[in-house]
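Numbering of ligands and ligand atoms starts at 1, following listing order. For reference, positions follow the sequence shown, starting with 1.
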Amino acid sequence: MITLGVESSCDETSVAVLKNLKILSNVIATSLKMHSKHGGVIPEIASRMQLESIAPVFKEALENAKIGPKEIDLISVTQGPGLPGSLLVGLSFAKALSLSLNKPLIGVNHIYSHVYANLLSHKNTRLPAVALVVSGGHTSLFYIKNFSDYRVLGKTCDDACGEAFDKVAKIMGLGYPGGPLIEKLALNGNKNKVKFACSGTDNELDFSFSGIKTAVLYYLKDKKNSPGLKRDLSASFQESVVNTLVSKSLAACKKKKVSSLLIGGGVVANRYLRERISAQAKASGINCYYPDINLCMDNAAMVAALGGYLYKKGRRSNLDLNIVSN
Ligand code: KG4
Ligand code: ZN
């Protein structure tokens, strides 16, 4: 089965072609550079760029996959959550394609597609599993019996994890997106320089990242923001965030008595997180899976993959499909 995926929930415009779980193409255009001077995504700029890029990105995806539009069997599109204007661009495009090509349409959840991205890299992922999704807009722990049944175990009470990276980077004057910049600086920093801690939560599997962001702000207030300090702060901040993600994920696995942990979302592109969480999971007898690094950030291949799975389970959407922004 050939599935076309369309993703436009934030600042990326992506179209992918999958033959079952084999990626034939996965084209991603981003308006990231246009947002960097603002320290975060400006929704109006993102959706205008998406309007301009969706048709060329679609064309390139078909060319790279060496298929014509008529060969598409299914169109899978991100329904939400995400930025309303951005989601509408992808959804409207997907609906128009579905109508003109007379092909079935399916709307998928963006967060679940980050988890399903694991199937593109590991075909034999074992369920039931606990899944951790850490992105710019979301931080959640799920219990998954099958890929159409997600139960929330915990979520952030304030900032998302990626958002915390972005805000801390902004506080240090690094630019946007903050995650990769902090990770790079942390490589040469002292992670024990400052003992930051993520705030406690009533539900032990919930998260809170806004306190640590403020702690970085106050720490910097009376100090000279030198390159050395930025490196140490990056390493110390990253260390405490990773400690929290690792300990809560493993606690969730223990609570649900599962031996599979799936992680996904933009923050999983962080090599230090991937290494720490897989090493500590292994030590507890848990298999930790994460997608290939290029499939962690927003992309349409994961959307096509999840759509294909749900379609086989009998799920269908109509042309009255609407966005779900949160
Ligand atoms: O999943 P994603 O592409 O978009 C959303 O669905 O939000 O995630 C983007 C987020 C941004 O906040 C970015 O700073 C973060 O992922 N991120 C990272 C890294 N690469 C991207 N965070 C930490 N370390 C990284 N290497
Ligand atoms: Zn995402």
What is the closest protein heavy atom to [atom], and at what distance does it sit?
atom	answer
atom 10 (C) of ligand 1	G136 N, 3.4 Å
atom 24 (N) of ligand 1	N270 ND2, 3.1 Å
atom 25 (C) of ligand 1	G179 C, 3.5 Å

Should the proximity of E183 to ligand 1, defined as any heavy atom under 4.0 Å, be assigned to the side chain, the backbone, both, or neither? side chain
Could you tell me whether D166 approaches ligand 1 through its side chain, its backbone, both or neither, with non-hydrogen atoms closer than 4.0 Å? side chain
Suppose we call two aromatic rings close when their centres sit under 6.0 Å apart. Are F165 and F209 close by that rule? no
May I ask you to decide whether R271 forms a salt bridge with E275, counting only side-chain N to carboxylate O separations under 4.0 Å? no
Within the structure, does [X] bring an N/O atom to less than 3.5 angstrom of an N/O atom in ligand 1?
X	answer
P177	no
G162	yes
M297	no
G266	yes

Regarding H110, does it place an N, O or S atom less than 2.8 Å from the Zn ion (ligand 2)?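 Yes, within the cut-off.
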Quick check: does H138 have an N/O/S atom under 2.8 Å of the Zn ion (ligand 2)? no
Please check if the side chain of [X] supplies one atom and the backbone of [Y] the other of a donor-acceptor pair under 3.5 Å.
X	Y	result
S113	L306	no
R316	L105	no
D73	T3	no

Can you tell me the N, O or S atom of D298 that's nearest the Zn ion (ligand 2)?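 This turns out to be OD1.
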May I ask you to check whether S208 and D158 show a side-chain donor-acceptor distance below 3.5 Å?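 Yes, a side-chain donor-acceptor pair sits under 3.5 Å.
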Assess the side chains of N146 and S148: does a donor N or O sit below 3.5 Å from an acceptor N or O? yes
I'd like to know if [X] contacts ligand 1, where contact means a heavy-atom distance under 4.0 Å to any ligand atom.
X	answer
C10	no
E12	no
H114	yes

With a 4.5 Å limit on heavy-atom distance, are the side chains of L21 and L120 in contact? yes
Selection from I28, N299, D298 by shortest heavy-atom distance to atom 3 (O) of ligand 1: D298
Of the choices R274, H110, K184, H138, which has the non-hydrogen atom that lies closest to atom 6 (O) of ligand 1? H110
Ligand 1 atoms nearer than 4.0 angstrom to some heavy atom of G137 are 7 (O)
Would you call the rings of Y309 and Y116 parallel, tilted or perpendicular if under 30° counts as parallel and over 60° as perpendicular?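 It falls in the tilted class, 30° to 60°.
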Identify all side-chain donor-acceptor contacts of residues 132-139 below 3.5 Å with residues at least two apart in sequence or on another chain.
unit_1: S135; atom_1: OG; unit_2: G137; atom_2: N; d: 3.3
unit_1: S135; atom_1: OG; unit_2: H138; atom_2: N; d: 3.1
unit_1: T139; atom_1: OG1; unit_2: C161; atom_2: N; d: 2.7

Give the intermediate values and the outcome of salt bridge (charged side-chain N to carboxylate O under 4.0 Å, His left out) for residues E52 and R48. CA-CA 7 Å; E52 285 176 22; R48 278 172 193 272; over 6 Å; no
